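Note that the structure is predicted; figures quoted are calculated from it, not measured. Order of the sequence lines fixes the chain letters, A, B, ..., with proteins taken first and strands second; residue numbering starts at 1 for each chain.
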There are 2 protein chains.
Amino acid sequence: MDRQQDNLRQRPLLTVDVVIFALREGDLHVLLVRRKRPPHMDMWAIPGGLVELDEALEAAAVRKLEEETGLCDVYLEQLYTFGDPRRDPSDRLISVAYFCVVPANSVVPCASEDAEHVRWWSIYGLPPLAFDHPQILRYALIRLRYKLEYTAVGFELLPKEFTLTELQSTYEIVLGETLDKRNFRRKILSAGVIEPSGLQRTGEGRPARLYRYREDAVAEVKARRLFP
Amino acid sequence: MDRQQDNLRQRPLLTVDVVIFALREGDLHVLLVRRKRPPHMDMWAIPGGLVELDEALEAAAVRKLEEETGLCDVYLEQLYTFGDPRRDPSDRLISVAYFCVVPANSVVPCASEDAEHVRWWSIYGLPPLAFDHPQILRYALIRLRYKLEYTAVGFELLPKEFTLTELQSTYEIVLGETLDKRNFRRKILSAGVIEPSGLQRTGEGRPARLYRYREDAVAEVKARRLFP
DNA sequence: ACAAAAGTGTTGAGAGTACACCCATGC
DNA sequence: GCATGGGTGTACTCTCAACACTTTTGT
């Protein structure tokens with residue numbers, strides 16, 4: 001089997017799909033697009049597309065993310081590669097799935113597409129999805145929850161400055177369980193990954209201190225679980 | 001951008017690479033093959049090859065594993081997908097990397113190839129490797145160590161029956177650190193993932209009880225770290 | 001009897017968990 | 001002054017880590 005023979009084989013199509021998570025309205029949401037062409041025309045799907053031949057995989061994922069949300073410079077991670085021969089009935093299609101989490105209100109979800117065709121969906125009320133995208137989403141959600149437990153990924157869901165109550169609420173929404181307020185605060189503060197910004201957020205009730213994520217804390221956070 | 005246009009694009013070559021770990025002579029080893037064709041002719045490389053167009057990714061990895069080792073039915077896991085456009089200078093090459101761990105003495109490393117071209121290498125004395133395979137190996141090793149800490153993957157490195165000292169030694173070799181005998185035994189036994197087989201291994205010194213892995217224990221092991 | 005490897009408990013320190021009330025502000 | 005959300009401390013339990021000697025066999 002030499003190189004000439006390789007070139008006689010058919011080659012697969014290579015795509016990236018990017019699962020984009022955000023917190024909206026007290027729920028975890030994902031950004032989906034409505035397909036404009038077959039197969040699975042008019043079904044909702046995870047944003048994605050073909051990888052250019054001279055483009056790195058992660059670069060393609062970053063490009064897709066920017067096309068759909070206008071965001072750049074966000075936390076993006078390779079999730080898994082899906083390549084079942086029957087996932088697209090008409091062609092062999094390999095999808096390298098990435099996932100990321102973004103602060104909801106920094107996103108313009110319709111930047112590059114017709115507004116009708118890109119929108120957020122709560123993970124608890126998803127529409128029918130194209131291809132094996134339900135499986136990809138399930139997998140992404142497991143990975144997100146898992147990462148939340150031992151890394152600082154939770155901060156990516158929030159704006160630069162946030163209150164401890166907002167942070168706790170983020171964890172509760174993603175993990176799907178309630179946490180004790182005092183224990184949460186003790187643990188997050190003793191982990192040394194956030195610092196007070198000195199400002200306060202005012203609103204109903206007592207004003208809350210604002211915190212920000214400490215950039216220099218990434219490495220140490222990755223070493224140990226943050227939450228039980 | 002429709003399907004006809006897709007077909008005009010060049011498509012990448014799709015390969016799987018399988019990192020195969022085993023314990024031999026008190027060291028962690030990987031199985032490498034010597035390349036018989038360009039690029040990187042005569043360099044050592046991780047076993048792998050093209051995915052057939054109608055073949056699932058994992059099926060291709062299993063096939064490769066069996067071709068190189070004669071083993072089937074082993075623990076195999078997708079590691080990461082490497083697709084930098086410049087990893088092969090002559091063609092766009094996507095590699096979905098898998099890794100597995102096998103009991104060393106159950107392997108006939110030359111089953112399907114010339115003996116000269118397949119052999120075990122200690123991870124502490126690797127030869128120069130083709131492509132980005134040093135990176136793949138580094139990544140596989142991190143993942144193996146990490147998995148060892150919170151799953152039962154260590155048992156895959158041993159024969160069906162083993163002594164506690166052998167199991168501890170396995171962990172020590174893979175993690176690269178020594179462990180306390182009493183703490184190790186207490187922890188592994190209280191985790192309830194192994195059971196005595198009733199037999200003993202005799203040799204120099206006092207005979208050791210033999211244990212085996214409890215098949216029904218997989219799920220619970222994955223839930224919690226086994227070792228610090 | 002001795003060499004060689006197997007096997008066995010206790011204690012102190014730190015982390016996790018459960019739990020209820022006072023504080024600062026806007027209206 | 002009251003409604004609303006922000007902020008705080010303690011006691012118990014459990015897990016982890018450190019540490020050294022006795023037991024069983026083969027020669």
Side-chain angles (χ1 to χ4, degrees), chain A residues 23 25-26 148-151 154 158-159 161-173 175-212 220-228, chain B residues 23 25-26 148-151 154 158-159 161-173 175-212 220-228:
Chain A
L23 285 185
E25 299 153 13
L148 196 67
E149 290 181 341
Y150 69 97
T151 72
L158 290 169
E161 302 207 327
F162 48 85
T163 68
L164 288 180
T165 302
E166 287 164 353
L167 182 60
Q168 180 176 349
S169 162
T170 299
Y171 274 82
E172 289 177 336
I173 289 168
L175 295 176
E177 60 187 304
T178 60
L179 302 169
D180 179 84
K181 182 157 69 162
R182 280 168 294 186
N183 292 340
F184 182 87
R185 284 164 186 248
R186 177 157 2 97
K187 201 159 177 179
I188 195 76
L189 288 174
S190 71
V193 294
I194 60 175
E195 58 190 6
S197 75
L199 304 173
Q200 292 195 325
R201 167 161 309 159
T202 161
E204 270 186 309
R206 173 172 172 178
R209 265 183 270 187
L210 287 169
Y211 290 81
R212 62 174 163 243
E220 71 189 273
V221 175
K222 301 224 166 181
R224 189 169 287 279
R225 286 173 60 128
L226 271 181
F227 292 96
Chain B
L23 286 184
E25 301 153 10
L148 195 68
E149 288 181 345
Y150 69 98
T151 71
L158 291 168
E161 303 206 326
F162 47 85
T163 68
L164 288 181
T165 302
E166 287 164 353
L167 182 60
Q168 179 177 348
S169 160
T170 299
Y171 274 82
E172 289 177 336
I173 289 167
L175 295 177
E177 59 187 304
T178 60
L179 301 169
D180 179 84
K181 183 155 70 159
R182 280 166 295 186
N183 291 340
F184 181 88
R185 285 165 187 246
R186 178 159 2 94
K187 200 158 178 180
I188 196 76
L189 289 174
S190 71
V193 294
I194 59 174
E195 58 191 5
S197 74
L199 303 174
Q200 292 195 326
R201 167 161 309 159
T202 161
E204 269 186 311
R206 176 171 170 176
R209 268 182 268 187
L210 287 169
Y211 290 81
R212 61 173 162 244
E220 74 187 89
V221 174
K222 301 222 166 179
R224 187 169 286 277
R225 285 174 63 127
L226 271 180
F227 292 95

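- The side chain of A/Thr165 places an N or O atom within less than 4.0 Å of a non-bridging phosphate oxygen (OP1 or OP2) of D/dG6.
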Heteroatom pairs (N/O) under 3.5 angstrom, protein to nucleotides 9-13 of chain C:
residue : atom : partner  : partner atom : Å
C/dG9   : O6   : B/Arg186 : NH2          : 3.1
C/dT10  : O4   : B/Arg186 : NH2          : 3.3

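- Atoms CG (B/Leu210) and P (C/dA5) sit 17 Å apart, rounded to a whole Å.
- Between the C1' atom of D/dC21 and the NZ atom of B/Lys181 lies a distance of 11 Å, rounded to the nearest Å.
- Atom pair B/Leu167:CG and C/dA6:C1' shows a separation of 15 Å (rounding to whole Å applied).
- In terms of heavy atoms, A/Ala208 sits closest to A/Thr163 at CB-CG2, 3.6 Å.
- When atom types are taken as modelled, the side chain of A/Glu172 and the backbone of A/Leu179 share a donor-acceptor pair closer than 3.5 angstrom.
- Listed here is the closest heavy atom pair of B/Leu164 and B/Tyr211: CG-CE1, 3.6 Å.
- Using a 4.0 Å heavy-atom cutoff across all strands shown, B/Arg209 reaches sugar-phosphate atoms only and no base atom.
- Residues A/Asp180 and A/Asn183 share a closest heavy-atom pair of OD2-N, 2.8 Å.
- With a 4.5 Å cut-off on side-chain heavy atoms, A/Thr165 and A/Arg185 count as touching.
- In this structure, CD of A/Glu166 is placed 13 Å from P of D/dG5, rounded to the nearest angstrom.
- Here the straight-line distance linking atom OG1 of B/Thr178 with atom CD1 of B/Ile173 works out to 12.5 Å at 0.5 Å rounding.
- Atom OH of B/Tyr171 and atom CD1 of B/Ile188 lie 5.0 Å apart (nearest 0.5 Å).
- As a whole-Å value, the separation of A/Leu164 CG from C/dA24 P is 17 Å.
- We find that CG of A/Leu179 is positioned 13 Å from C1' of C/dG16, with the value rounded to whole Å.
- Of the residues in residues 198-208 of chain A, those placing a heavy atom less than 4.0 Å from an atom of DNA chain D are A/Glu204, A/Gly205, A/Arg206, A/Pro207, A/Ala208, in numerical order.
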Only distances under 3.5 Å count here; give the side-chain donor-acceptor pairs of residues 194-201 of chain B to other protein atoms, sequence neighbours excluded, each with its distance to 0.1 Å.
residue  : atom : partner  : partner atom : Å
B/Glu195 : OE2  : B/Arg212 : NE           : 3.1
B/Ser197 : OG   : B/Glu161 : OE2          : 3.3
B/Ser197 : OG   : B/Leu199 : N            : 3.3
B/Ser197 : OG   : B/Leu210 : O            : 3.4
B/Arg201 : NH1  : B/Glu166 : OE1          : 3.0
B/Arg201 : NH1  : B/Glu166 : OE2          : 2.2

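- When rounded to the nearest whole Å, the span between NZ of A/Lys187 and C1' of D/dG9 equals 18 Å.
- In this structure, CZ of A/Phe184 is placed 17 Å from C1' of C/dA15, rounded to the nearest angstrom.
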